[in-house]
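So the structure is just underneath, and the comments pick up after that.
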Amino acid sequence: MTDEFGVYLVTDEGLSAGRSTVEIVEAAIRGGIDVVQLREKSASATDRYELGRKLRELTREADVPLIVNDRVDLAVALDADGVHLGDDDLPVSVAREQLGEEAIIGRSVSTPEAARRAEAAGADYLGVGAVFATESKGDVPPEEMGIGLDRIRAVREATDLPFVGIGGVTPENAADVVQAGADGVAVISAITGADDPEAATQELHDAVRGRGVSADV
């Protein structure tokens with residue numbers, strides 16, 4: 001189980017400005033990324049597996065946890081460090097049975113009540129959002145879009161689990177998310193769509209660690 005959720009990259013080659021996910025992850029590792037999640041929802045199972053093998057090699061060499069979005073079977077096949085589950089995925093308890101006690105299991109939530117349920121079910125960490133409106137995650141229900149910083153504070157009060165704020169997070173607002181109670185930030189396009197993904201990762205780190213730009217909270 002990682003104890004560092006500072007900057008968490010969720011991959012999406014369709015939002016990577018023509019670059020491959022391998023290129024983006026290599027740059028993010030140079031920039032000091034803390035966690036990489038293999039997402040790539042539009043890719044076939046075969047393509048996700050082949051990409052996952054490459055990311056597993058890169059992240060293992062860099063000692064960065066690799067998390068697989070949704071698919072417990074793919075996490076097993078890749079010997080990944082864990083899985084991130086949404087509302088339509090397997091229950092946390094079933095994923096734990098399949099992956100073992102050492103696996104990192106995350107759960108997407110958007111309310112304090114859901115955070116409490118996920119903690120009671122045995123999740124290790126939470127992804128909370130979408131904090132700000134975003135087009136990067138087209139599968140977010142309208143009621144979970146742009147939940148705002150007050151909801152982040154409410155989730156912080158509801159659970160002791162570590163969590164990352166996700167959705168519309170940029171280097172300019174990442175510090176606000178952490179100051180509201182998140183342990184870190186998860187991003188897609190803030191890194192994958194950046195002109196310089198390595199520099200964008202470093203900027204996000206600076207913001208999360210309190211050295212970057214922060215708007216009023």
Just verifying a value: how many Å separate I104 CD1 and I67 CD1, rounded to the nearest 0.5 Å?
4.5 Å
For the residue pair T159 / R156, report whether a side-chain donor-acceptor contact shorter than 3.5 Å exists.
no
Taking C-beta and beyond as the side chain, do R151 and P112 meet within less than 4.5 Å on heavy atoms?
yes
Which pair of heavy atoms, one from A80 and one from V68, lies closest together, and at what distance?
CB-CG2, 3.8 Å
What do you reckon, is CZ of R53 surrounded by more than 12 foreign heavy atoms closer than 6.0 Å?
no
Identified side chain to side chain contact (heavy atoms under 4.5 Å, CB included) partner of T21 from the options T11, D12, L9:
T11
E40 and E13: side-chain contact (heavy atoms from CB on, under 4.5 Å), yes or no, with the steps?
CA-CA 7 Å; E40 309 295 346; E13 195 156 295; 3.5 Å; yes
I24 side chain reached by E26 side chain, heavy atoms, under 4.5 Å:
no
Does either side chain, that of E23 or that of S20, offer a donor lying less than 3.5 Å from an acceptor on the other one?
yes
Heavy-atom side-chain contact between L161 and Y125 under 4.5 Å:
no
Side-chain contact, heavy-atom cut-off 4.5 Å: N69 with K41?
yes
Go through it in stages, so that I can follow the logic: the residues are D70 and R39, the test is salt bridge (Lys or Arg N to Asp or Glu O under 4.0 Å), and I'd like the CA-CA distance, side-chain angles, deciding distance and then a yes or no.
CA-CA 8 Å; D70 297 346; R39 186 166 184 259; over 6 Å; no
Only one of L149, T170, I147 passes side chain to side chain contact (heavy atoms under 4.5 Å, CB included) with F132, and that residue is L149
Are the side chains of L99 and V76 in touch, meaning some heavy atoms are under 4.5 Å apart?
yes
Value for CD1 (I33) from CD1 (I29), rounded to nearest 0.5 Å, stands at 9.0 Å
Carboxylate-amine/guanidinium contact R30 D196, below 4.0 Å:
no
What's the shortest heavy-atom distance between G181 and F163, and which atoms?
O-CZ, 3.6 Å
